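Scroll down for the structure; my scribbles are underneath it.
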Amino acid sequence: MIELAPHNKQGLAVGAPLIAGSGAVGFGDAWPPGVTPAHFGAIVTTPISRTPVRGAPQPRLVELPGGFLLTTGVHNPGYRRVLREHAPNWTKLGVPVLVALAGSTPEDWPDLAARLEDQEGVAGIELSIGETADLTDVRATLRAARRATTLPLLVKLPVTWAEPLAEECAAAEADALVIGIPPTAAYPAADGALVHGAVAGPIALPFTLRALRAVVALGLGLPVVAAGGICCVEDARLCLETGATAIQVRSLLWTNPAAVARLAGGLEC
Amino acid sequence: MIELAPHNKQGLAVGAPLIAGSGAVGFGDAWPPGVTPAHFGAIVTTPISRTPVRGAPQPRLVELPGGFLLTTGVHNPGYRRVLREHAPNWTKLGVPVLVALAGSTPEDWPDLAARLEDQEGVAGIELSIGETADLTDVRATLRAARRATTLPLLVKLPVTWAEPLAEECAAAEADALVIGIPPTAAYPAADGALVHGAVAGPIALPFTLRALRAVVALGLGLPVVAAGGICCVEDARLCLETGATAIQVRSLLWTNPAAVARLAGGLEC
Amino acid sequence: MLQATAELIERKAQGASQELRLHAPELARHLSPGQAVLVRAGWDLHPYLRRTFYPIAIAAETWTLRVPPSADWGHAWLRAAPPGTRLDCLGPVGHGYAAPAGVRHLLCVGEGELAWALLPAVVQADAAGLVVTLAAEGRSVRDLIPVKRLPVAVEYRVATLNGRAGHCGDLTPILAELFGWADVAFAAGSLDFYARLATAITTARFGLSAGFAQVLYTAAPLLCGTGACGACAAEIAGGRHRICRRGPVLDLADMVDQTLRVSR
Amino acid sequence: MLQATAELIERKAQGASQELRLHAPELARHLSPGQAVLVRAGWDLHPYLRRTFYPIAIAAETWTLRVPPSADWGHAWLRAAPPGTRLDCLGPVGHGYAAPAGVRHLLCVGEGELAWALLPAVVQADAAGLVVTLAAEGRSVRDLIPVKRLPVAVEYRVATLNGRAGHCGDLTPILAELFGWADVAFAAGSLDFYARLATAITTARFGLSAGFAQVLYTAAPLLCGTGACGACAAEIAGGRHRICRRGPVLDLADMVDQTLRVSR
Ligand SMILES: Cc1cc2nc3c(=O)[nH]c(=O)nc-3n(C[C@H](O)[C@H](O)[C@H](O)COP(=O)(O)OP(=O)(O)OC[C@H]3O[C@@H](n4cnc5c(N)ncnc54)[C@H](O)[C@@H]3O)c2cc1C
Ligand SMILES: Cc1cc2nc3c(=O)[nH]c(=O)nc-3n(C[C@H](O)[C@H](O)[C@H](O)COP(=O)(O)OP(=O)(O)OC[C@H]3O[C@@H](n4cnc5c(N)ncnc54)[C@H](O)[C@@H]3O)c2cc1C
Ligand SMILES: Cc1cc2nc3c(=O)[nH]c(=O)nc-3n(C[C@H](O)[C@H](O)[C@H](O)COP(=O)(O)O)c2cc1C
Ligand SMILES: Cc1cc2nc3c(=O)[nH]c(=O)nc-3n(C[C@H](O)[C@H](O)[C@H](O)COP(=O)(O)O)c2cc1C
Ligand code: FES
Ligand code: FES
């Protein structure tokens, strides 16, 4: 077992270093062919908000050299419906489920964290900080979220300024870091409209690696989970050798489900 | 003619919107086959520092999906030798030459800018701000550089936080902005050593576009030059339509010189 | 949904397009007319995203995709792939089309290149004994499915902008007649095309009721095909819904208000 | 340097490698032994960087490159390219090798795959009437240039780790003899190999003087080939210099202190 929340009373022990990143399997209800909960040490849900969010209009997706941009605008049915419709299933998956909270409404984190506190089937919470967030705001929000829950708290950081944020997370007693959210870009879709969002796919890995190495070098004593652009066993090994405790994959489940089983198998020892 | 420094007494009129970005043709001494000064409205030198810099050891280059990372560590022979050996050639090129100053030693900018003030063959100066620079430092450095020279001053900004920096540049009376320096990444070379640097090649364009649009939207009244990942006429047009006054190309000169002539031809009207 | 390897067993130029017949028994068995297949084009991870195809023929052990003459890198790779190439496929995505039981007259209506996606439904309905009319419009004859590709019993009505074949212009003048005759309809085209259909149906049938016209929704890109990624969300039936779950075959009545903004 | 299109006119498997003969008259005319050619592999901008090759044969209108059996995507594309493929080439890069005038005995020394890059120099020196010895080491016979690829007058000395051909082990035991005999030497191999050569030369000739041994420097990547990008900078001759400008053929005497850290 790998402990992802060593300083948390409750802890977050996972049976494998491979984690299905935020939204990779939706709310645990969208499994690609051949991919099962048994491939993962944990899964992270699509980010939820307090109220339902319609999300972004089309175009939402555009391909880039080496990857793509996708923006959903935190499209989600709101926490009430998610908990009603999906949480009953989480206890049956046989793998810890972490609930991601939408980065666009950090003011709702304490309230949502408190509501998840006693929800059966919730093993932890993943927060994510925007590339353009204000450091002072982040400090306050993280502390409020921490006070609101005893659940393991993972914080996903934008790779472009992960280092100062990582120190804030440690100070705020977050349990683990996820590195991270790739840099934001914009590219025209077929109709000419610009799609905005973080880059994804193989293109993301070099950004992940830079930030991962920098954050690991800070020696904060928190487990660091690598995310972004991991597509094969070699990519995963590189992250683990650079100091990651676990890794998240996401778009790989969408573009090549068969590669997920190979990756999971390749990380078993 | 396109005016790149409309608020500068001296001005910086260029005959074409295509600029050879920093180091694309070295110090105006490294021309790829078929590429000539006539293809460009201006050229920017490799960044120079006050004293010679040996630069980074190998590995310096690694390929990425859609591009590459290259780090030279501001390898340059120092301004004295550059001016002695190369400046006499600049007046003969028939195209304005902008001298780039190394971003790693901003404390030397005022001194270097003053020395370039009366140098024949120097049409302007390009400064560049690091991804990790401190905003307060940048403010002071830019003002000092501005006081030190009446030459047109272009400032190249990291795309990851171009907006606040652009406002600082306007306040410091810079003449034009270059958007920008792509996000920093790290990736292992063949020998396993990580190469650190800004991404380059087609992969850079979506980052350029996002920042370009955001900076143009600020309406600062300064010309904005697009740089990073421009590989063909369509890319260039996209940048011009997004509000760029001119564009810089760099790695295209290295990877496909023939495409430069096509690009220059395609932008003539 | 399956992830299956399909072997390219035959390639045929059809105008500037290429038709690729693929051997993939299990996938072919699961495919219904109108469902999508996501095909990896290229080697390894280049390009990273799959290309979406709506099969133009479905047989017992094979299915056929049509690669348009686009500049897309993935399409270029597929047009150049030699027989024997093994293609990694993900599909079928979403719900397909089947004419409801008891129906007698099926009208299929297609616009340009997308009309090809109607072929499996045409063939299947004809084989099931329905009376089928296919109506298609294109800029010129080259845009239309050749008549020899249709089952003999199928009536074929066409319109071309230059008038070289069928009506001169688009199908609008004959839509009222066609929709008056049909028990149900299945269409493939652009959103503008669907808006015209909706208006024509409302006129011909004094309203557009649910269940009458099904359409293939191709305007949103498919990425995961499972509902996880959110790439395919579009305005239908009073919300922003995932096409890979509710579509790609949708009831036209669910689209008029939000998607097409026409009244019915 | 030129940017030229080269047409692939012949491909030959040679072990697990592929040899591609390219028709490119102007480029072939400008090429000297040891110079590099940067070849675009793939379509459009994928992959973005060129692959570097040191020709293994140079003729009047053609030159030949050897693609190793690597997993590299660009190499894979080149190994699969059919005859008729037009390759975009940039070259020649840097300075090549020519034996100085008046020299009689040329020793060429190669390690593994890189020994192939010596072939044009061997052929050229033989044609010019020099007495040429080629010495090569490899793990096994498969790593060595087959003797039939050499001009008949060339003496061939080999060493293999398994002893199946020539000396068992590496060339070290016979290097003193070879370097004693040679007037000049040209080598291709790893930096470790060059360090061994430098030591052997110092022993055999009581020192390593400038002008005696030239080596092909392949340890730094080439990107622009013109001196602009700085990708190729390496420690030689008391500084960090651009290999595309000073090399890729360098004087071994310029490398011993900084690059190889051996004394002479
Ligand atoms: C490619 C892509 C990746 C995405 N990844 C994620 C993700 O990992 N998790 C997720 O929840 N959503 C994610 N989203 C959704 C995304 O977060 C929202 O669309 C986004 O937050 C909208 O805001 P923004 O991008 O303008 O700025 P953001 O930088 O995200 O922030 C929005 C606002 O919230 C403030 N803010 C952000 N974080 C904090 C904080 N910690 N404390 C105080 N204030 C804060 C910011 O200052 C800003 O005013 C992603 C979207 C895309 C397109
Ligand atoms: C891919 C790549 C792209 C590069 N692009 C450029 C370029 O466009 N221009 C260039 O000159 N060099 C460039 N370089 C060289 C690069 O700037 C130096 O290697 C780099 O500055 C070294 O420092 P750094 O990356 O650690 O941090 P940087 O962020 O560059 O800064 C180094 C130090 O200077 C401080 N600093 C930076 N800018 C300012 C400022 N305006 N005011 C006050 N303090 C400042 C920072 O806070 C930091 O302490 C590039 C290098 C690579 C690898
Ligand atoms: C469309 C899109 C939406 C994303 N949404 C989320 C999200 O909701 N929560 C989250 O933690 N990360 C989100 N990310 C970031 C991913 O988890 C991951 O960092 C990024 O996609 C690269 O990883 P991948 O290549 O495995 O997909 C999103 C990325 C994309 C492209
Ligand atoms: C190795 C390397 C060094 C760079 N050095 C400089 C530099 O010295 N000055 C500068 O203005 N930009 C520098 N950049 C940034 C480029 O000008 C440009 O933003 C980036 O390479 C992407 O553009 P391209 O695809 O046209 O090369 C550098 C980029 C790379 C990859
Ligand atoms: S394609 Fe991913 S949600 Fe529909
Ligand atoms: S290859 Fe660019 S400087 Fe040598």
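Every value quoted in this text rests on a predicted model; they were computed, and no experiment measured them.
Heavy atoms closer than 4.5 Å to chain B are found in the side chain of A:Leu64, but not in its backbone.
Annotation: maximal heavy-atom pairing with chain A below 4.5 Å, among B:Leu209, B:Val159, B:Thr184, B:Thr160, occurs at B:Thr184. Of all the listed residues (A:Pro183, A:Pro164, A:Gly66), the one sharing the greatest number of non-hydrogen pairs under 4.5 Å with chain B is A:Pro183.
Interface residues of residues 210-226 of chain A toward chain B, defined by a heavy-atom distance below 4.5 Å and sorted by number: A:Arg210, A:Arg213.
Residue pairs meeting the salt bridge (charged side-chain N to carboxylate O under 4.0 Å, His left out) criterion with at least one member in residues 60-76 of chain A, sequence neighbours excluded, are A:Glu63-C:Arg51.
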